[in-house]
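Working notes for the structure below.
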Amino acid sequence: MAIHKIIVLHGLYMSGFVMQPLCNKLKKHQFEILNLTYNTLSPDKSEIFSQIDDFIGNDSAALVCHSMGGLIARAYLDNHSATSEQVEKVITLGTPHKGSIFAKQMHEKGLDVFLKNSVEFLVSDNQDWPYKARLYSIAGDLPLGLMPILQKGSSSDGTVLLEETKLQGMAEHKVFHVSHTSMIYSRKVTDYVLSLLTDSE
């Protein structure tokens, strides 16, 4: 089924503003876009899910999410609203599906003041993708950030480990030579996202 509507979800400490360049490119392909800004430290799930449901209506939809946004998308599917059945694809960019080791270490050191309620999502321990919607997980391997210091010898985008972006049951896992934030603005990543959204398979 052809996808008509796209919900875009940003990551931790960000807002919809950082996703706007990606949204502008998607709009050129006649998609309707909801670039949803939410409080990442105190996400109001009820409000977020209601906005997504209202936007989707009876149309086929996809979620395009950066980092923590992909975990919000998972929580939305877990909520099992009737409207969530309209979601055909979930495309994530640098999402720590298995939970973020960076957030886990902060949590263990009592630094929750910097994470607040985002801990609920970031320290999850997911291993599979059990939903009807197909998951396309995009990862980066340009380690610009703290991760090479925290996990020496690891493969990461600087913030999220490559291994954290993989789940059993995902439709595809694609790695680009980009960092955690630069993947949002990468032309190669955007072209790949567009190819997934326009493929009606």
Side-chain angles (χ1 to χ4, degrees), residues 1-12 14-37 52 55-56 59-74 76-77 84 86-98 100 126 128-145 147 154-201:
M1 186 182 296
I3 291 167
H4 298 291
K5 294 183 176 178
I6 300 171
I7 300 92
V8 176
L9 296 169
H10 58 82
L12 185 66
M14 295 182 177
S15 72
F17 178 78
V18 301
M19 306 299 286
Q20 197 57 52
L22 175 60
C23 291
N24 291 340
K25 292 173 184 175
L26 296 178
K27 284 178 181 176
K28 291 179 181 178
H29 293 262
Q30 309 305 312
F31 295 112
E32 288 185 57
I33 311 290
L34 173 63
N35 184 8
L36 201 160
T37 291
I52 295 174
F55 176 73
I56 293 175
D59 291 307
S60 58
L63 291 112
V64 176
C65 319
H66 179 241
S67 199
M68 178 180 160
L71 300 172
I72 296 288
R74 184 184 183 104
Y76 170 70
L77 296 177
S84 69
Q86 301 295 111
V87 177
E88 301 284 333
K89 297 177 180 179
V90 177
I91 302 170
T92 59
L93 289 71
T95 292
H97 289 286
K98 291 179 178 175
S100 164
N126 306 310
D128 64 355
W129 182 261
Y131 313 102
K132 182 192 79 171
R134 292 167 65 84
L135 171 64
Y136 298 85
S137 178
I138 299 170
D141 64 2
L142 182 60
L144 298 178
M147 192 56 71
S154 63
S155 296
S156 76
D157 61 13
T159 301
V160 172
L161 293 172
L162 213 60
E163 185 58 32
E164 293 171 341
T165 64
K166 300 176 182 178
L167 283 178
Q168 293 179 13
M170 61 184 174
E172 192 166 287
H173 185 258
K174 187 87 167 176
V175 181
F176 291 88
H177 192 53
V178 292
S179 66
H180 190 66
T181 300
S182 70
M183 69 177 66
I184 304 172
Y185 307 107
S186 163
R187 172 177 282 184
K188 288 183 179 180
V189 172
T190 299
D191 288 346
Y192 174 63
V193 170
L194 278 167
S195 73
L196 295 174
L197 292 170
T198 54
D199 182 357
S200 58
E201 183 180 344

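Note that the numbering runs from 1 along the sequence shown for the chain.
- Interatomic distance, CG of Leu36 versus CE of Met19, reported as 11.5 Å (0.5 Å rounding).
- With sequence neighbours left out, the salt bridge (charged side-chain N to carboxylate O under 4.0 Å, His left out) criterion links Asp141 to no other residue.
- Contact detail for Gly140 and Val175: the closest heavy-atom pair is C-CG1, 4.4 Å.
- For Ser137 (side chain) and His173 (main-chain N/O), no donor-acceptor pair under 3.5 Å exists by modelled atom type.
- Lys98 places a side-chain heavy atom less than 4.5 Å from the side chain of Leu167.
- Contact check for Leu142 versus His177: side-chain heavy atoms found under the 4.5 Å cut-off.
- In this structure, the side chains of Leu22 and Val189 stay at 4.5 Å or more apart for every pair of heavy atoms.
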Enumerate, atom names and distances included, each donor-acceptor pair closer than 3.5 Å involving a side-chain atom of residues 59-73, sequence neighbours excluded.
residue	atom	partner	partner atom	Å
Asp59	OD2	Lys5	NZ	3.0
Ser60	OG	Ala2	O	2.3
His66	NE2	His180	O	2.8
Ser67	OG	His180	NE2	3.0

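- To the nearest 0.5 angstrom, Lys132 atom NZ is 8.0 Å from Ser84 atom OG.
- Here the closest non-hydrogen pair linking His10 and Thr37 is NE2-CA, 3.5 Å.
- Minimum heavy-atom separation, Gly94 to Val160: O-CG2, 3.5 Å.
- Listed by chain and residue number, Trp129 satisfy the ring pair (Phe, Tyr, Trp, His ring centres under 6.0 Å) test with Tyr131 (two or more places apart in sequence, or in another chain).
- Partner of His97 under the side-chain hydrogen bond (donor to acceptor under 3.5 Å, both in side chains) criterion, out of Thr92, Asp128, Thr165: Thr92 alone.
- Of all heavy-atom pairs spanning Leu162 and Ala139, the tightest one is CD1-CB, 3.5 Å.
- Between Leu194 and Phe31 the shortest heavy-atom distance is CD2-CE1, 4.3 Å.
- Taking the side chain as every heavy atom from C-beta outward, Phe176 and Asp157 never approach each other to under 4.5 Å.
- Here the CG atom belonging to Asp191 is positioned 8.0 Å from the NZ atom belonging to Lys25, to the nearest 0.5 angstrom.
- Between Tyr192 and Leu93, the closest side-chain pair of non-hydrogen atoms is not below 4.5 Å.
- Residues Tyr136 and Lys89 have side chains in contact (heavy-atom distance under 4.5 Å, counting atoms from C-beta outward).
- Of all non-hydrogen atoms in Val18 and Ile184, the two that sit nearest each other are O-CG2, 3.7 Å.
- Side-chain contact check for His29 and Thr198: no donor-acceptor pair (N or O, by modelled atom type) lies under 3.5 Å.
- A heavy-atom distance below 4.5 Å is found between the side chains of Tyr76 and Val87.
- Rounded to the nearest 0.5 angstrom, Leu197 CG and Ile6 CD1 are separated by 4.5 Å.
- For the atom pair CG of Leu9 and CG of Asn35, the computed distance is 8.5 Å after rounding to the nearest 0.5 Å.
- Distance CG/Asn126 to OG1/Thr95: 11.0 Å, rounded to 0.5 Å.
- No donor-acceptor pair closer than 3.5 Å links the side chain of Ser186 to the backbone N or O of Met183.
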